[in-house]
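Single-structure report; data block below.
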There are 2 protein chains.
Amino acid sequence: MAAPQARRRERLSPAARKTDIMRCAGALLRASDDRDGIVAAIAQNLGIVEGTVYRYFPTKRDLIIQVAEDWYEGMLADYDRELAGISGTRARLRFMIWRHLTVMHDEPAMCRLVLDELRADAGYRETTIYQLNRLYTQRTLGIVREGIASGELRADVPLTMVRDMIYGGIEHHCWAYLRGEGKFSPEQAADDIVAIVYRGIAAPEESGALARLEDVAKRLERFTQTHTAT
Amino acid sequence: MAAPQARRRERLSPAARKTDIMRCAGALLRASDDRDGIVAAIAQNLGIVEGTVYRYFPTKRDLIIQVAEDWYEGMLADYDRELAGISGTRARLRFMIWRHLTVMHDEPAMCRLVLDELRADAGYRETTIYQLNRLYTQRTLGIVREGIASGELRADVPLTMVRDMIYGGIEHHCWAYLRGEGKFSPEQAADDIVAIVYRGIAAPEESGALARLEDVAKRLERFTQTHTAT
DNA sequence: GAGTATAAATGAGTTTAACTCATTTAGGGG
DNA sequence: CCCCTAAATGAGTTAAACTCATTTATACTC
């Protein structure tokens with residue numbers, strides 16, 4: 001039996017220790033979807049004791065949420081700036097959709113944590129993640145509103161349902177991928193979603209043209225009748 | 001202090017006891033979203049001991065899953081027969097969507113249990129609920145396929161994405177309602193979803209007409225030029 | 001109607017993981 | 001070099017899921 005390793009009691013600044021714990025928690029959260037005993041695992045990994053973790057985070061849940069929040073904040077930074085460089089309702093919508101799909105694709109474990117665990121429980125609405133997501137979907141709806149204002153989209157678009165179908169669709173589409181089964185292409189998926197949604201909400205451009213052309217047809221008929229009668 | 005009630009040891013047939021436990025579990029699952037100590041609560045409600053519950057269900061999870069399965073099976077019975085009485089791609093799609101929305105509306109607690117708890121964990125795929133849902137969405141895709149075959153819908157419809165957007169959209173739409181906040185109307189929601197999706201996937205009927213009319217316009221121009229030149 | 005076999009039910013455990021707190025001790029300031 | 005602060009400890013408590021040897025209601029036999 002190996003002699004029990006004498007613990008070296010090392011003192012870090014609170015900030016450094018907290019960073020260490022969060023980094024370690026992030027790694028473990030990505031490595032496995034089993035959250036049982038994760039506090040013990042973190043402590044063991046860092047060579048500290050469980051109680052020390054609780055000096056920095058009141059509960060396990062707080063720790064996990066803060067890790068997820070930090071990650072998500074970094075992940076969603078700057079989309080606004082990127083979006084500013086894209087013009088056209090369709091392209092802008094596609095960008096928002098594609099970006100969300102890309103997050104799913106690049107960080108399945110974290111996304112699953114957010115979607116399946118954090119979002120399910122009571123305090124989710126008090127979470128930064130909820131706020132960030134709200135902003136993101138609000139931005140998406142903003143694009144739709146602009147499209148309506150310009151006449152490019154129908155005036156009677158049910159706004160929140162468009163949002164629900166886009167983001168609900170994304171989540172459903174990635175469901176299997178998030179648990180390590182199957183693949184998906186963010187580009188392909190974004191194309192497919194945008195194709196359905198855009199056609200679904202675009203103003204019937206053709207209807208005006210059709211009306212004009214129907215008129216043309218009638219005039220032609222009269223014209224030809226007049227001229228052939230002569 | 002009230003004298004401790006002498007427990008009356010009553011023996012039921014296994015079937016009867018199992019039914020009792022499941023019924024009680026169902027009531028508690030509907031009454032609260034807190035699953036901690038639910039086995040103890042069931043035992044107390046039935047005047048039995050926790051260990052007795054475990055004689056009928058190997059784990060708490062098994063009990064909950066079986067309750068949810070029984071409920072869902074009853075809930076989704078017969079949709080196939082009802083669907084048979086509805087004709088037209090759009091109406092049939094709307095029926096499937098409306099029905100799913102109605103389940104959400106009538107049994108928010110159970111739906112939340114299935115969506116937020118059962119679907120999140122590993123064994124979900126082995127669940128009857130998963131199978132029933134698969135059949136349901138397969139049936140939906142069947143309707144879309146028929147629409148494509150008849151030429152009513154575009155040939156390039158991304159089938160699974162249509163499914164994901166419909167059912168993901170439904171879930172997103174009901175999210176707040178499922179946790180007791182806000183309302184929604186299954187009828188309105190079904191209309192909105194079907195409006196977006198159907199327009200999104202319908203074949204462009206107008207395009208052929210447009211092409212013909214563009215041709216008419218050119219002929220008219222030539223005709224008028226010829227005749228006014230004279 | 002008494003004796004007995006069966007299995008339903010018990011209740012006193014164990015286990016595991018989250019969380020608490022009185023005590024210990026590293027390490028910088030005087 | 002000592003002392004003070006607060007970081008870290010480790011030995012708890014709590015809570016809930018789950019186990020199992022024992023008890024006992026009930027149906028069946030004779």
Side-chain angles (χ1 to χ4, degrees), chain A residues 3-25 28-29 31-68 113 117-118 120-123, chain B residues 3-25 28-29 31-68 113 117-118 120-123:
Chain A
Q5 195 105 2
R7 186 188 295 284
R8 168 137 170 277
R9 193 184 273 217
E10 198 176 358
R11 298 175 91 152
L12 264 58
S13 74
R17 180 65 84 200
K18 192 168 184 180
T19 305
D20 271 9
I21 292 172
M22 286 180 64
R23 209 193 312 277
C24 181
L28 290 174
L29 288 171
S32 157
D33 55 348
D34 184 19
R35 315 293 178 233
D36 268 10
I38 198 174
V39 179
I42 291 165
Q44 191 163 39
N45 264 276
L46 296 178
I48 58 177
V49 119
E50 273 188 70
T52 301
V53 175
Y54 285 97
R55 285 185 49 74
Y56 296 93
F57 300 93
T59 67
K60 180 175 91 162
R61 185 174 168 276
D62 281 278
L63 165 57
I64 291 177
I65 285 180
Q66 201 166 327
V67 171
L113 170 69
E117 298 180 49
L118 302 190
D121 77 35
Chain B
Q5 193 106 7
R7 187 188 294 284
R8 167 136 171 279
R9 193 183 274 216
E10 198 176 357
R11 297 176 89 152
L12 265 57
S13 73
R17 182 63 84 198
K18 192 168 184 178
T19 305
D20 272 9
I21 292 172
M22 284 179 64
R23 209 193 311 277
C24 179
L28 290 175
L29 289 171
S32 156
D33 55 349
D34 185 17
R35 316 290 177 235
D36 268 10
I38 198 174
V39 178
I42 291 166
Q44 191 163 38
N45 264 277
L46 296 177
I48 58 176
V49 117
E50 273 187 70
T52 302
V53 176
Y54 286 98
R55 285 185 49 75
Y56 296 93
F57 300 93
T59 67
K60 181 175 89 162
R61 184 174 169 276
D62 281 277
L63 165 57
I64 291 177
I65 285 179
Q66 201 167 325
V67 171
L113 170 69
E117 299 181 47
L118 302 190
D121 78 33

Distance, rounded to the nearest Å, where [X] contributes [atom1] and [N] contributes [atom2]:
X: A:Gln44; N: D:dG10; atom1: CD; atom2: C1'; value: 15 Å
X: A:Leu63; N: C:dA17; atom1: CG; atom2: P; value: 16 Å
X: B:Leu46; N: C:dT10; atom1: CG; atom2: P; value: 10 Å
X: A:Phe57; N: D:dA8; atom1: CZ; atom2: P; value: 13 Å
X: A:Ile21; N: D:dA7; atom1: CD1; atom2: C1'; value: 11 Å
X: B:Asp36; N: D:dA15; atom1: CG; atom2: C1'; value: 8 Å
X: A:Ile42; N: C:dA17; atom1: CD1; atom2: C1'; value: 13 Å

Check every strand shown and say whether [X] touches a base, only sugar-phosphate, or nothing at a heavy-atom separation below 4.0 Å.
X: B:Arg61; result: nothing
X: B:Ile38; result: sugar-phosphate
X: B:Tyr56; result: sugar-phosphate
X: A:Ser13; result: nothing
X: A:Gly37; result: sugar-phosphate

Checklist entry - Within a strict 4.5 Å, meaning less than it, do heavy atoms of the A:Met22 and A:Tyr56 side chains meet? => result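 Result no, sub-4.5 Å side-chain heavy-atom pair not found.
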
Checklist entry - Are A:Val39 and A:Tyr54 close enough that some pair of their side-chain heavy atoms sits under 4.5 Å apart? => result yes

Checklist entry - Above 12 or not: heavy atoms from other molecules or residues under 6.0 Å from CZ of B:Arg35? => result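 Yes, enclosed.
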
Checklist outcome for this item: Exactly one candidate in A:Thr52, A:Val53, A:Asp20, A:Leu12 meets side-chain contact (heavy atoms from CB on, under 4.5 Å) with A:Leu46; the answer is A:Asp20

Checklist entry - Phosphate oxygens OP1/OP2 of D:dA7: is one of them under 4.0 Å from a side-chain N or O of A:Arg17? => result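 Answer is no, no contact under 4.0 Å.
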
Next on the checklist: How close do B:Ile42 and B:Ala25 get, counting heavy atoms only, and between which atoms?
Outcome noted: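 What the structure gives for the nearest pair is CD1-CB, 3.7 Å.
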
Checking contacts here: which listed nucleotide ([options]) is nearest the side-chain heavy atoms of [X]?
X: A:Arg55; options: D:dA8, D:dC18, C:dT10; value: D:dA8
X: B:Glu50; options: D:dA17, C:dG11, C:dA18; value: D:dA17
X: A:Thr52; options: C:dC19, D:dT9, D:dA17; value: D:dT9
X: B:Tyr54; options: C:dA18, C:dT10, D:dC18; value: D:dC18
X: A:Pro14; options: D:dA7, D:dA17, C:dA8; value: D:dA7
X: B:Leu12; options: C:dA9, D:dC18, D:dA16; value: C:dA9

Next on the checklist: Return whichever of A:Arg35 or B:Gly51 has its heavy-atom-nearest nucleotide of DNA chain C closer to the 5' end.
Outcome noted: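 Final value for this comparison: B:Gly51.
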
